[in-house]
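Structure first, commentary second.
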Amino acid sequence: MTTLSVIIPTYNEIDYIDDALKSVEFANEIIVIDSFSEDGTKEKALEYGCKVLERKFDNFSNQKNHAISYATGDWILFIDADERVSQKLKTEIVSVIEQGKHAGYKLSFPHFYMNRFLYHKVDKVVRLVKNKNVKFTGDVHEKLHVEGSIGSLKNFMIHYTYKGLFHLIKKKDSYSWFQANTSLKKGKKVTIFHLFFKPLYRFFSSYILKRGFLDGVPGLALASINAYGVFSRYVKMMLLERNIK
């Protein structure tokens, strides 16, 4: 029988972790890699019989790579605490890992914003992989490297992406600091093009090219905040560069 490990990175996710764990109880092993939560997240995971690892957070790739080294399943599924595996997706996952046609699979994530799922704002990310020479790289928006072909699953992952307007803005600001640091380390410089045209293109891409306008007001709001996130990244790069000097 083919076995499945699930890896969930957490930090103070007590409001979400319970439902996430319930949705992956079909797995043979659940590993929670926790950044020393203070709200009972670790204790809740232990109640479910999870293998809980504690590690000080430095970046997303290192957290997940640490957990991978403890995974014993033939396959690994990566989910976040605010994500849920639906019954249809569960059935599909069990089917494809038994078949083993590909080395990994992309899952589709419609964004959840303003109390609705935005089906015209869907991310496709590799999250289900064979447990063989897999690793993450990158500090934020990390990339999962897999040896072999990649397929796609049909059913959506339920993802409660944003907990509200202020949470979304805070999340964008947090990511932009990571991205700014990474860009500076690579020797990149900020120009007028980055400050004005890149945010405008992000809005155009989210709202027009990816058909965000079909999602009404939530689509417009999300496209605007995505543009803000890009602008914020380059402003932070300028601030960090001045501190370095």
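Basis for what follows: all heavy atoms, side chains included, without hydrogens, waters or symmetry-related copies. Position 1 is the first residue of the sequence; numbering continues from there. Since we're looking at a predicted model, the values are computed, not measured.
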Can you name the nearest heavy-atom pair linking A103 to E147, along with the distance? CB-O, 3.3 Å
Compare every heavy atom of N59 with every heavy atom of G138, then report the nearest pair and how far apart it is. O-OD1, 4.4 Å
For N155, side chain to side chain contact (heavy atoms under 4.5 Å, CB included) partners two or more places apart: K88, L89, E92
With Q87 via side chain to side chain contact (heavy atoms under 4.5 Å, CB included) - residues at least two apart: K90, T91
Within a strict 4.5 Å, meaning less than it, do heavy atoms of the S5 and N28 side chains meet? no
Restricting to side chain to side chain contact (heavy atoms under 4.5 Å, CB included), what partner residues turn up for S152, sequence neighbours left out? K106
Contact list for residues 61-70, test salt bridge (Lys or Arg N to Asp or Glu O under 4.0 Å), sequence neighbours left out: K64-E142
What residues join M1 in its hydrophobic cluster, counting side-chain heavy atom gaps under 4.5 Å, either direct or through other members? none
Distance-only polar pair, side chains of T41 and D39, donor-acceptor under 3.5 Å: yes
Salt bridge (charged side-chain N to carboxylate O under 4.0 Å, His left out) filter on E47, not counting sequence neighbours, yields K44
Answer yes or no: is there a donor N or O on one side and an acceptor on the other, between the side chain of T3 and the main chain of G73, under 3.5 Å? no
What verdict does the side-chain hydrogen bond (donor to acceptor under 3.5 Å, both in side chains) test give for D80 and Y16, after you've listed the backbone C-alpha separation in whole Å, the side-chain angles of each residue and the deciding distance to 0.1 Å? CA-CA 9 Å; D80 292 335; Y16 288 84; over 6 Å; no
Please name all residues satisfying salt bridge (charged side-chain N to carboxylate O under 4.0 Å, His left out) with D74, sequence neighbours left out, ordered by chain then number. none
Excluding F136, membership of its hydrophobic cluster (Ile, Leu, Val, Met, Phe, Trp, Tyr; side-chain heavy atoms within less than 4.5 Å) reads I7, I31, I33, L53, I68, Y70, I76, F78, V126, V129, V134, L144, V146, I150
Return the minimal non-hydrogen interatomic distance between A45 and L21, and the atom names on each side. CA-CD1, 3.9 Å
Check the orientation of F204 and Y201. Use parallel for under 30°, tilted for 30 to 60°, and perpendicular for over 60°. tilted
Are Q63 and D58 close enough that some pair of their side-chain heavy atoms sits under 4.5 Å apart? yes
Between R127 and K124, is there a donor-acceptor pair closer than 3.5 Å when you use the side chain of the first and the backbone of the second? no
Show every donor-acceptor pair shorter than 3.5 Å between a side-chain atom in residues 228-236 and any protein atom, with sequence neighbours excluded, or say none if there are none.
{"unit_1": "Y228", "atom_1": "OH", "unit_2": "D173", "atom_2": "OD1", "d": "2.7"}
{"unit_1": "Y228", "atom_1": "OH", "unit_2": "D173", "atom_2": "OD2", "d": "3.2"}
{"unit_1": "S232", "atom_1": "OG", "unit_2": "D173", "atom_2": "OD1", "d": "3.2"}
{"unit_1": "S232", "atom_1": "OG", "unit_2": "S176", "atom_2": "OG", "d": "3.3"}
{"unit_1": "S232", "atom_1": "OG", "unit_2": "K236", "atom_2": "NZ", "d": "2.5"}
{"unit_1": "R233", "atom_1": "NE", "unit_2": "Q179", "atom_2": "OE1", "d": "3.2"}
{"unit_1": "Y234", "atom_1": "OH", "unit_2": "K198", "atom_2": "NZ", "d": "3.3"}
{"unit_1": "K236", "atom_1": "NZ", "unit_2": "D173", "atom_2": "OD1", "d": "3.2"}
{"unit_1": "K236", "atom_1": "NZ", "unit_2": "S176", "atom_2": "OG", "d": "3.3"}

Closest non-hydrogen atom pair, A227 against R202: N-CG, 4.0 Å
What residues, two or more places apart in sequence or in another chain, satisfy side chain to side chain contact (heavy atoms under 4.5 Å, CB included) together with Y207? F203, F213, L220, A223
According to salt bridge (Lys or Arg N to Asp or Glu O under 4.0 Å), does anything in residues 26-38 pair up with another residue at least two apart or in another chain? List the pairs. E29-K51
Shortest non-hydrogen contact from E83 to S23? O-OG, 4.4 Å
Residues which pass side chain to side chain donor-acceptor pair (under 3.5 Å) with H66, listed by chain and number, not counting sequence neighbours: none
